[in-house]
Participant: 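My questions all concern the structure below.
Both counts, for ligands and for their atoms, begin at 1 and track the order of listing. Just so it is clear, the values below take in all heavy atoms, side chains as well, and ignore hydrogens, waters and symmetry mates.
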Amino acid sequence: MDIKIQNLQKVFKTDSVMTQALNNVSLEIKDGDFVAIMGPSGCGKSTLLNILGLLDNPTGGEYYLDGQEVGHLKENERTEWRKGRIGFVFQSFNLIKEMNIRDNIMLPLNNLKLSREEKRRRVDEVMNRMGIAHRSRHYPTQLSGGQQQRAAIARAIVSRPGLILADEPTGNLDSKNGAEVMALLTELHREGSTIVMVTHSQKDATNADYIINLFDGQIVETLKERM
Ligand code: ADP
Ligand code: MG
């Protein structure tokens with residue numbers, strides 16, 4: 001998916017407090033790119049990722065996804081747009097505790113027009129691929145952190161989205177599980193997915209094509225990691 005944002009602004013207003021979380025951010029991400037976003041805590045990384053993932057709207061500027069302006073959509077329109085197109089992976093996994101792993105992974109397919117057989121087939125396929133097929137009937141809390149994150153990635157990719165967004169996906173994992181999760185994301189990138197990942201880890205960021213450094217709501221640097 002091609003991403004283009006221009007002069008993006010995000011101001012949060014809560015009571016008397018106003019926070020400028022993003023200030024005049026412009027960037028282009030080409031279809032198939034793997035981009036890492038880095039920067040100190042509070043610099044706007046999650047805010048930017050949430051806007052890219054249509055979880056939130058900017059308060060100024062423009063956002064184009066595959067050439068279509070999506071920065072001013074209403075909440076229900078954003079939800080509709082995300083379906084089957086954008087997959088999100090969070091640091092805290094965000095699996096639904098009351099649902100088993102299989103049902104969690106099935107969720108993004110519920111509203112897609114696919115046959116029941118096709119849905120089952122896709123869920124089996126991603127569970128096998130993520131190495132969690134044997135945990136299908138387990139509940140999230142019965143899984144290790146690494147397995148939960150693999151389940152969350154399975155849920156993010158089951159609808160075969162063109163864009164995968166990951167907010168510190170290895171932040172709650174030990175180094176072995178973190179490395180496995182990074183290997184999976186790198187593999188998805190090689191298969192053609194566009195990936196934008198927020199990370200604190202310089203090592204994780206080396207998997208990306210380039211690194212965008214944010215500071216205080218602004219892009220201060222873009223580094224080509226690989227040539
Ligand atoms: P990062 O992910 O880089 O740590 P965030 O994007 O979460 O930073 O936050 C950037 C700034 O915006 C911070 O000052 C944060 O307190 C503020 N912020 C983020 N989300 C909200 C919100 N929903 N309401 C008010 N302020 C927010
Ligand atoms: Mg954050």
Side-chain angles (χ1 to χ4, degrees), residues 3-29 33-63 65 70-79 81-82 86-95 145-146 148-149 152-153 155-156 161 163-175 177-178 181-182 184-185 194-223 225:
I3 292 174
K4 186 176 181 186
I5 65 177
Q6 274 177 324
N7 309 320
L8 206 75
Q9 306 278 346
K10 181 66 178 181
V11 177
F12 289 109
K13 289 196 190 94
T14 37
D15 301 326
S16 54
V17 187
M18 218 175 86
T19 308
Q20 175 112 33
L22 294 174
N23 185 11
N24 221 26
V25 172
S26 299
L27 61 82
E28 274 188 61
I29 296 171
D33 279 355
F34 185 175
V35 182
I37 299 176
M38 301 191 79
S41 188
C43 72
K45 304 182 294 298
S46 295
T47 302
L48 178 57
L49 207 69
N50 291 342
I51 291 172
L52 291 179
L54 302 180
L55 296 176
D56 201 358
N57 271 347
T59 50
E62 274 122 55
Y63 177 16
L65 258 181
V70 293
H72 302 87
L73 300 179
K74 296 191 189 75
E75 191 170 350
N76 61 325
E77 293 170 331
R78 291 204 306 268
T79 309
W81 228 98
R82 281 201 305 271
I86 301 175
F88 233 108
V89 180
F90 299 91
Q91 177 175 356
S92 52
F93 321 137
N94 279 23
L95 297 165
Q148 287 187 58
Q149 193 57 304
I153 294 176
R155 185 182 56 182
L163 177 60
I164 299 169
L165 301 172
D167 197 349
E168 310 206 28
T170 66
N172 283 345
L173 301 178
D174 62 29
S175 58
N177 280 309
V181 160
M182 282 314 305
L184 288 168
L185 288 175
T194 310
I195 303 184
V196 185
M197 171 182 73
V198 168
T199 183
H200 270 113
S201 159
Q202 200 70 48
K203 184 161 164 279
D204 288 357
T206 59
N207 293 288
D209 296 318
Y210 55 95
I211 300 173
I212 292 172
N213 272 312
L214 276 184
F215 187 81
D216 212 2
Q218 293 186 292
I219 295 178
V220 288
E221 191 177 34
T222 302
L223 296 170
E225 191 54 38

Participant: Could D56 and K10 be called an ion pair, given the rule that one side-chain N must be under 4.0 Å from one carboxylate O?
Facilitator: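 Here D56 pairs with K10 in a salt bridge, since their nearest N and O are under 4.0 Å apart.
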Participant: Of the backbone and side-chain N, O or S atoms of S46, does one lie nearer to the Mg ion (ligand 2) than 2.8 Å?
Facilitator: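 Here the distance criterion (N, O or S atom, under 2.8 Å) is met by S46, so yes.
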Participant: With respect to I51, which candidate in N57, I5, L22 satisfies the side-chain contact (heavy atoms from CB on, under 4.5 Å) definition?
Facilitator: L22
Participant: How close does the nearest protein non-hydrogen atom get to atom 23 (N) of ligand 1, and which residue and atom is it?
Facilitator: F12 CE2, 3.6 Å
Participant: Which atoms of ligand 1 are found less than 4.0 Å from any heavy atom of T47?
Facilitator: 5 (P), 6 (O), 9 (O), 10 (C)
Participant: Got a protein heavy atom sitting under 4.0 Å from atom 7 (O) of ligand 1?
Facilitator: yes
Participant: Considering heavy atoms of the protein only, find what lies nearest to atom 11 (C) of ligand 1 and give residue, atom and distance to 0.1 Å.
Facilitator: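 For atom 11 (C) of ligand 1, the nearest protein heavy atom is G42 O, 3.7 Å.
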Participant: What closest approach, in Å, do L8 and P58 show between heavy atoms, and which atom pair accounts for it?
Facilitator: CD1-CB, 3.6 Å
Participant: Taking CD in E221 as the centre, count heavy atoms belonging to other residues, nucleotides or ligands within less than 6.0 Å. Is the count above 12?
Facilitator: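 Enclosed: over 12 neighbouring heavy atoms sit under 6.0 Å from CD of E221.
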Participant: Before you tell me yes or no, could you show the steps for L165 and L52 under side-chain contact (heavy atoms from CB on, under 4.5 Å), namely the whole-Å CA-CA distance, both residues' side-chain angles and the distance that decides it to 0.1 Å?
Facilitator: CA-CA 8 Å; L165 301 172; L52 291 179; 4.3 Å; yes
Participant: For the residue pair P161 and A156, what are the closest heavy atoms and their distance?
Facilitator: CG-O, 3.2 Å
Participant: Do M197 and D204 make a side-chain contact, defined as non-hydrogen atoms from C-beta onward lying under 4.5 Å apart?
Facilitator: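 Yes, side chains in contact.
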Participant: Geometry only, no angles: is G44 polar-contacting ligand 1 at N/O separations under 3.5 Å?
Facilitator: yes
Participant: Under 3.5 Å between some N or O of ligand 1 and some N or O of K45?
Facilitator: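 It does: an N or O of K45 is found under 3.5 Å from an N or O of ligand 1.
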Participant: Any atom of ligand 1 sitting under 4.0 Å from a heavy atom of G39?
Facilitator: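 No, G39 has no heavy atoms under 4.0 Å from ligand 1.
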Participant: Distance under 4.0 Å to a non-hydrogen atom of T19: what atoms of ligand 1 satisfy this?
Facilitator: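 Heavy-atom distances to T19 below 4.0 Å select 12 (O), 14 (O), 17 (C).
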Participant: In the complex you have, is atom 13 (C) of ligand 1 within reach of the protein, judged by whether a heavy-atom distance drops under 4.0 Å?
Facilitator: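 Yes, because at least one protein heavy atom sits under 4.0 Å from atom 13 (C) of ligand 1.
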